[in-house]
Amino acid sequence: MTDMKELAKELARQMKRGELVVTPSDIAIMCSYEPNSTPVRQMLADPTFPAPIALVPGGHKRYRRKDVEAWIDRKYAEESRFVMRSCRV
């Protein structure tokens, strides 16, 4: 549990600095999942999920925060429309 607390603190520090890129662990925390969990792996494998970028040749891949946030917003909107349709009589 301590690792999650440390990751959450680091993510909070990054958000205060306005970080432009995020790691898969950051994405997990943004979505309230454990890093390396099945839901996170499924998100990253989703063909609609934003593609990672390497800022330098051979560097670690990162995701643009605004792209990830836009993807999450779209998923919530899609889910909301689905729920609204299924509630109609």
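Everything numeric in this text was worked out from a predicted model, so none of it was measured. Just so you know, these numbers use all the heavy atoms, side chains as well, and skip hydrogens, waters and symmetry mates.
Applying the salt bridge (charged side-chain N to carboxylate O under 4.0 Å, His left out) test to residues at least two apart or on different chains, the pairs with a partner in residues 45-54 are Asp46-Lys75.
Of all the heavy atoms in Thr48 and Arg74, the pair that sits closest is O-NH2, 4.2 Å. The heavy-atom pair separating Gly59 from Ala54 by the smallest distance is O-CB, 3.8 Å.
A 6.0 Å sphere centred on CG of Asp73 holds more than 12 heavy atoms belonging to other residues, nucleotides or ligands.
Phe49 meets the ring-ring contact (aromatic ring centres under 6.0 Å, His included) test with Tyr63, Trp71; sequence neighbours excluded. For Thr38, the side-chain contact (heavy atoms from CB on, under 4.5 Å) criterion is met by Arg41, Gln42, not counting sequence neighbours. Residues meeting the salt bridge (charged side-chain N to carboxylate O under 4.0 Å, His left out) test with Arg64, sequence neighbours left out: Asp67.
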Evaluate Cys31 against Val40 for side chain to side chain contact (heavy atoms under 4.5 Å, CB included), listing each step before the verdict. CA-CA 9 Å; Cys31 297; Val40 173; over 6 Å; no
List the steps, then state whether side chain to side chain contact (heavy atoms under 4.5 Å, CB included) holds for Thr23 with Arg62. CA-CA 5 Å; Thr23 65; Arg62 300 288 187 255; 3.4 Å; yes
Test log, rule side chain to side chain contact (heavy atoms under 4.5 Å, CB included), inputs Leu44 and Ile27: CA-CA 9 Å; Leu44 298 177; Ile27 294 166; 4.2 Å; yes
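Residue Glu69 holds its CD atom at 4.5 Å from CE of Met30, rounded to the nearest 0.5 Å. Note that CD of Glu34 and CD1 of Ile29 are 9.0 Å apart. Values are rounded to the nearest 0.5 Å. One distance of note links NZ of Lys66 with CG of Leu20; it measures 8.5 Å at 0.5 Å rounding.
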